[in-house]
Amino acid sequence: MATISVPPTGVRRVRSVEEADVAGKRVLVRADLNVPLAGGTVADDSRIRAALPTLQYLHAHGAAAIDVCSHLGRPDGPDPRYAMAPVADRLRQLFDAPVSVLENTRFDPGETSNDPAFAERLADGHDLFVEDAFGSLHRAHASTVGVAALLPTYAGLLVERELEHLGRLLGEVVRPFVVVVGGAKVDDKLPLIEHLGRRADAVLAGGKVAERLLRVPTSLPVDLPVDVVAAPTFAADASARILPLAEVPGRWSILDIGPRAIHQFSAAIEDARTIFWNGPMGVFEWPRFANGTLAIGVAIAHSEAYSVVGGADSLRALGQTGLASCVSWASTGGGASLALLAGDELPGLSVIPPPAL
């Protein structure tokens, strides 16, 4: 019987698929197959690969049938651009066993409204439900919450690993504990800073987060970059200058952290023994302004600390360094990771019963 083996944390323990008798059962798996497509094919199969351990476990333990459901993109009803066929094709290439991929759950309006009728259609013909879409656990949808009211529900192996690694950040961490936060979705990051920041020894802020905190300070001690790359216009070819953060004109855009800030943040990361990173230090999609983000990724990868990286942009930047395998855990759940570490209850997690023992 598998349980989450971590120090006491604020993360609730959940019932594992390894506790279920799956032999001869028809199993519905909620996976996170929301992957980028390009030219009608899967451009990045990382999330598909993350779903494989649970599917392999079910097959190895004699499940009679495995049906996988997921959303893909944000379609407003049926839309051929978001059909699951390319995802299903790639999954079958990676998973050498019979598996059925249901059509995009968001093709039905009942998905996002958690409509009981749609949940019943998903659950129909299945004996149990495995919740393995960690990246969707913060959404109270039919495929994450509604189905769990109709079938015996278990956590998949990916959900277990996410809770194990993220739970370590909410437990008795090895210090110094450094949180690195950036990106453009500032409102999503402020609750994280307020909650996790109280546990951290240092919070390093870059990107739009630093810009916001410069103008609207938090009650927590946050390290802002001592210098930044800023420009009067938000454009890839903008005429940018390196300025002390406090001297950036009010209407200018901060596009990256500066060379002194890279040294400032890298020194704190080098001393850290626990690290969480979510969000780039600037507009790293534009090569001219990627230096800060890539430097932070390299510093974290080279650190001897226990390191967790979350968020699509941070993971993409880490991948560009070629050092993605050097961090302790790459979380598949951007919004879900932020919500969990901000102390919020995840609807898709709350419906999974605790372990039997």
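Note that these values count all heavy atoms, side chains included, but never hydrogens, waters or copies made by symmetry. Bear in mind the structure is a predicted one, so any value in this text is a computation, not a measurement.
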Is there a path from [X] to [Y] through hydrophobic residues (I, L, V, M, F, W, Y) whose side chains come within less than 4.5 Å of each other?
X      : Y      : answer
Ile254 : Val203 : yes
Val173 : Tyr306 : yes
Leu190 : Leu204 : no
Ile275 : Met281 : yes
Leu340 : Ile352 : yes

Is any side-chain heavy atom of [X] closer than 4.5 Å to a side-chain heavy atom of [Y]?
X      : Y      : result
Val29  : Phe129 : no
Trp277 : Ser307 : no
Lys208 : Lys189 : no
Val147 : Val351 : no
Leu166 : Phe134 : yes
Arg47  : Asn34  : yes
Asp313 : Asn278 : no
Ile257 : Asp227 : no

Classify the side-chain pair [X]/[Y] by whether it contains a donor and acceptor separated by less than 3.5 Å.
X      : Y      : value
His71  : Tyr82  : no
Ser331 : Ser337 : yes
Ser46  : Asp44  : yes
Glu131 : Thr144 : no
His126 : Asp67  : yes
Glu270 : Ser303 : no

Roughly how far, to the nearest 0.5 Å, is the [atom2] atom of [Y] from the [atom1] atom of [X]?
X      : Y      : atom1 : atom2 : result
Leu157 : Gln56  : CG    : CD    : 9.5 Å
Glu162 : Leu346 : CD    : CG    : 11.0 Å
Arg92  : Leu94  : CZ    : CG    : 12.0 Å
Thr54  : Glu18  : OG1   : CD    : 8.5 Å
Arg26  : Ser100 : CZ    : OG    : 8.5 Å
Ile262 : Thr293 : CD1   : OG1   : 9.0 Å

Nearest heavy-atom neighbours spanning [X] and [Y]:
X      : Y      : answer
Glu19  : Val14  : OE2-O, 4.4 Å
Glu160 : Ser16  : OE1-OG, 2.7 Å
Asn104 : Met84  : N-CG, 3.2 Å
Leu150 : Ala123 : CD1-CB, 4.0 Å
Leu169 : Phe177 : O-CE2, 3.9 Å
Val130 : Ala155 : CG1-C, 4.2 Å

Practice item. Step by step, work out the side chain to side chain contact (heavy atoms under 4.5 Å, CB included) result for Leu243 and Trp252. Key: CA-CA 11 Å; Leu243 297 170; Trp252 282 36; 4.0 Å; yes
When you measure from the side chain of [X] to the backbone of [Y], do you find a donor-acceptor pair of N or O atoms at a distance under 3.5 Å?
X      : Y      : answer
His195 : Pro191 : no
Arg106 : Glu111 : no
Thr274 : Val174 : yes
Arg12  : Glu345 : no

For the pair [X] and [Y], find out whether any cationic side-chain nitrogen is under 4.0 Å from an anionic carboxylate oxygen.
X      : Y      : answer
Arg121 : Asp124 : no
Arg161 : Glu164 : no
Asp187 : Arg212 : yes
Arg90  : Asp45  : yes
Asp132 : Arg30  : no

Check your understanding: Does the side chain to side chain contact (heavy atoms under 4.5 Å, CB included) test come out yes or no for Leu91 and Val99, once each step is laid out?
Key -> CA-CA 9 Å; Leu91 176 58; Val99 63; 4.2 Å; yes
Point to revise | Residues, nucleotides or ligands: over 12 heavy atoms within 6.0 Å of Lys25 NZ | key: yes
Point to revise | Centroid-centroid under 6.0 Å between Phe276 and Trp329 rings | key: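 No, the ring of Phe276 stays outside the 6.0 Å limit from the ring of Trp329, centre to centre.
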Practice item. Kindly determine whether Arg175 and Asp201 satisfy salt bridge (Lys or Arg N to Asp or Glu O under 4.0 Å), including the steps that lead there. Key: CA-CA 8 Å; Arg175 297 186 179 278; Asp201 297 291; 3.0 Å; yes
Check your understanding: Under the side chain to side chain contact (heavy atoms under 4.5 Å, CB included) criterion, do Ile193 and Val181 qualify, and how do the steps go?
Key -> CA-CA 8 Å; Ile193 293 172; Val181 61; 3.8 Å; yes
**Study point:** Val68/Leu102 under side chain to side chain contact (heavy atoms under 4.5 Å, CB included): CA gap, chis, key distance, verdict
**Key:** CA-CA 6 Å; Val68 181; Leu102 307 184; over 6 Å; no
